[in-house]
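What you see below is based on every heavy atom in this structure, not just the backbone, and it leaves out hydrogens, waters and symmetry mates. Count residues from 1 along the sequence.
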Amino acid sequence: MNQETGKQERKSQRAREAICEATVTCLAERGYAETSISRVVENAGVSKGALQHHYPSKEALMASTASYLLKRPLRLADLSSRETSKQSIRNRLLAIWDSLTNTRAYLALLEILIAARTDKLLHARIADGLQASIKEIDAHFLPHYDELEPQAREDLLLLMTANRCLMRGLLIEEQYGLSKARQRQVLERWLDLVVPEFESQAG
């Protein structure tokens with residue numbers, strides 16, 4: 001790759017990131033249905049032609065934005081670092097909520113996931129990336145997962161799935177009046193109930 005080609009590629013990458021960030025803002029503030037190409041163009045500060053050069057359709061834009069969100073570095077490095085490897089399971093689950101789920105970025109992703117329920121083409125484009133991201137998060141949470149007996153591994157995955165479903169649900173319920181304080185209360189009570197089971201399986 002020559003210098004000029006590299007410079008152009010970096011410029012294109014910056015443009016794609018700006019467009020994806022603008023899409024995230026629109027999704028979080030307005031929802032999927034109201035996130036139009038025109039609104040994204042306005043938020044990104046690019047021309048419609050420039051956006052469509054990278055993303056010729058809304059489906060392509062949403063699939064790329066989902067990939068952009070799923071591939072962002074996880075702000076969960078503390079879960080697998082040596083210094084905090086003995087951090088309690090409760091605190092690690094709370095870190096997933098605080099750093100990953102209860103965020104503007106995840107709310108935007110959730111809008112795309114809900115739309116993909118009935119949009120089969122969009123679903124096909126994001127399904128693999130979503131599953132890879134889930135596995136990465138589980139790997140952060142379960143660093144010794146491969147050392148466990150098969151039944152213990154299965155039980156932990158079931159608990160992680162249940163926890164993920166609860167957290168997504170809490171984020172949706174906020175739109176119907178569930179306050180941040182009440183969300184936290186629900187989450188804390190859930191952890192009271194399930195953490196002993198996590199610990200028994202992981203131990």
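With K180 contributing its side chain and E174 its backbone, the two residues share no donor-acceptor pair below 3.5 Å. Side chain of T65 to main chain of L61: a donor-acceptor pair is present (N/O by atom type, distance under 3.5 Å, no hydrogens or angles). Proximity of a side-chain donor or acceptor of S133 to a complementary backbone N or O of G129 within less than 3.5 Å is not detected.
Pairs engaging residues 19-33 under the side chain to side chain donor-acceptor pair (under 3.5 Å) rule: E21-Y68, E21-R72, T25-R104 [sequence neighbours left out]. Evaluation of the salt bridge (Lys or Arg N to Asp or Glu O under 4.0 Å) test over residues 113-129, restricted to residues two or more places apart or in two chains, returns E59-R125. Applying the salt bridge (Lys or Arg N to Asp or Glu O under 4.0 Å) rule to pairs touching residues 107-116 yields nothing, sequence neighbours excluded.
Taken from CD1 in I172 to CD1 in I114, the straight-line distance is 4.5 Å, to the nearest 0.5 Å. Residue T103 holds its OG1 atom at 8.5 Å from CG of L69, rounded to the nearest 0.5 Å. To the nearest 0.5 Å, the span separating CG on L113 from NE2 on H123 amounts to 9.0 Å. To the nearest 0.5 Å, the span separating CZ on R92 from OG on S99 amounts to 14.0 Å. Between S12 atom OG and E17 atom CD the span is 11.0 Å, to the nearest 0.5 Å. Summarising the geometry, atom CD1 belonging to I96 is positioned 13.0 Å from atom CG belonging to N102; distances are rounded to the nearest 0.5 Å.
Evaluation of the side-chain contact (heavy atoms from CB on, under 4.5 Å) rule for A50 yields V46, S47 as partners, not counting sequence neighbours. Under the salt bridge (charged side-chain N to carboxylate O under 4.0 Å, His left out) criterion, R14 pairs with no residue at all, not counting sequence neighbours. With sequence neighbours left out, E34 forms a salt bridge (charged side-chain N to carboxylate O under 4.0 Å, His left out) with R39.
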Criterion side-chain hydrogen bond (donor to acceptor under 3.5 Å, both in side chains) on Q13 and R10, from CA distance to verdict: CA-CA 5 Å; Q13 181 63 28; R10 289 191 295 274; over 6 Å; no
Residues Q185, L178; criterion side-chain contact (heavy atoms from CB on, under 4.5 Å); working and verdict: CA-CA 11 Å; Q185 186 178 8; L178 190 68; over 6 Å; no
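In plain terms, the two heavy atoms of L171 and W97 that are nearest each other are N-CH2, 4.3 Å. Closest approach of A44 to A18, counting heavy atoms only: CB-O, 4.0 Å. For the residue pair L170 and Q183, the shortest heavy atom distance occurs at O-NE2, 2.9 Å. In this structure, L122 and A115 approach most closely via the heavy-atom pair CD2-CB, 4.3 Å. Nearest heavy atoms, A22 versus N43: CB-CB, 3.7 Å. When all heavy atoms are compared, the tightest approach of V41 to K48 is CG2-CA, 3.7 Å.
Two residues are said to be in side-chain contact when any heavy atoms from C-beta on lie closer than 4.5 Å; L94 and E188 meet this criterion. The shortest side-chain heavy-atom distance between N163 and L191 falls under the 4.5 Å cut-off. Between L158 and E197, the closest side-chain pair of non-hydrogen atoms is not below 4.5 Å. At least one side-chain heavy atom of L27 sits under 4.5 Å from a side-chain heavy atom of M62.
Both L130 and L107 sit in one connected hydrophobic cluster of ILVMFWY residues. Membership requires side-chain heavy atoms under 4.5 Å apart, directly or through other members. In terms of hydrophobic clustering, with Ile, Leu, Val, Met, Phe, Trp and Tyr side chains grouped at heavy-atom distances under 4.5 Å, I137 and L187 are assigned to a common cluster. Residues V24 and I19 do not share a hydrophobic cluster, clusters being chains of Ile/Leu/Val/Met/Phe/Trp/Tyr side chains in contact below 4.5 Å.
Taking a cutoff of 4.0 Å between a charged side-chain nitrogen and a carboxylate oxygen, R153 and D138 do not qualify as a salt bridge.
With hydrogens and angles left out, the side-chain atoms of R16 and Y55 include no donor and acceptor closer than 3.5 Å.
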